[in-house]
Amino acid sequence: MAWIALVVAGVFEVAWAIGLKYTEGFTRTWPSVATLAAMFASIVLLAWAMKTLPVGTAYAVWTGIGAVGTVILGIVLFGEAATLARLACVALIVVGIVGLRVLTD
């Protein structure tokens, strides 16, 4: 269950990272409310997952999911660069996430 909570926490991290773009510096009400709610959900789920998972593993996986998801959505939603080098770096993060999952009891 902790791994599921951690993955969902990572998805909420992506949501709030992307949401920050839409808040326009927290000047838009509803995007700001949604972003703050995603932040809260992400942290609560991360804390819950850390009750049983090692802190280093949980934090690294959480930030990795957030980084990968945010880069992908940045490419899709905002037309950010999708160069081979950038995608290779994202792939390395994914390998690290999978490695931590496989090597953690």
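Only this structure's heavy atoms are used, side chains among them; waters, hydrogens and symmetry mates stay out. We number each residue from 1, following the sequence as shown.
Here E13 contributes atom CD and L46 contributes atom CG; the two are 8.5 Å apart, rounded to the nearest 0.5 Å. Remark: I43 CD1 to W16 CH2 distance equals 7.5 Å, nearest 0.5 Å. Put simply, NZ on K21 and CD1 on I18 are 9.0 Å apart, with the number rounded to the nearest 0.5 Å. With values rounded to the nearest 0.5 angstrom, F78 atom CZ is found 8.0 Å from L73 atom CG. For the atom pair CD1 of I75 and OG1 of T70, the computed distance is 11.0 Å after rounding to the nearest 0.5 Å.
Of the residues V61, V11, L45, the one that meets the side chain to side chain contact (heavy atoms under 4.5 Å, CB included) test with L6 is V61.
A continuous path of hydrophobic side-chain contacts links V7 to L100 [ILVMFWY only; heavy atoms under 4.5 Å]. I65 is not connected to M1 by any chain of hydrophobic side-chain contacts under 4.5 Å among Ile, Leu, Val, Met, Phe, Trp and Tyr, and they are in different clusters. When the side chains of ILVMFWY residues are joined at heavy-atom separations under 4.5 Å, either directly or via intervening members, I4 and V98 end up in two distinct hydrophobic clusters. Following chains of ILVMFWY side-chain contacts shorter than 4.5 Å, one can reach V94 starting from W3, so the two form part of one hydrophobic cluster. Residues L36 and Y22 are members of separate hydrophobic clusters, defined by side-chain heavy-atom contacts under 4.5 angstrom among Ile, Leu, Val, Met, Phe, Trp and Tyr.
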Distance-only donor-acceptor hits, side chain of residues 80-89, under 3.5 Å, sequence neighbours excluded:
unit_1	atom_1	unit_2	atom_2	d
E80	OE1	R86	NH2	3.4
T83	OG1	R86	N	3.2
R86	NH1	A81	O	2.5

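When every heavy atom of A2 is checked against every heavy atom of A49, the shortest pair comes out as O-CB, 3.5 Å.
Here the side chain of T63 pairs a donor or acceptor atom with the backbone of A60 at under 3.5 angstrom.
Within the 4.5 Å cutoff, no side-chain heavy atoms of M39 are placed close to those of F12.
Applying the under-4.5 Å side-chain rule to Ile, Leu, Val, Met, Phe, Trp and Tyr, the cluster around V95 consists of that residue alone.
The side-chain hydrogen bond (donor to acceptor under 3.5 Å, both in side chains) analysis of residues 27-53, with sequence neighbours excluded, yields the pairs S42-W62.
The number of heavy-atom neighbours closer than 6.0 Å to CZ of F40, taken from other residues, nucleotides and ligands shown, is 12 or below.
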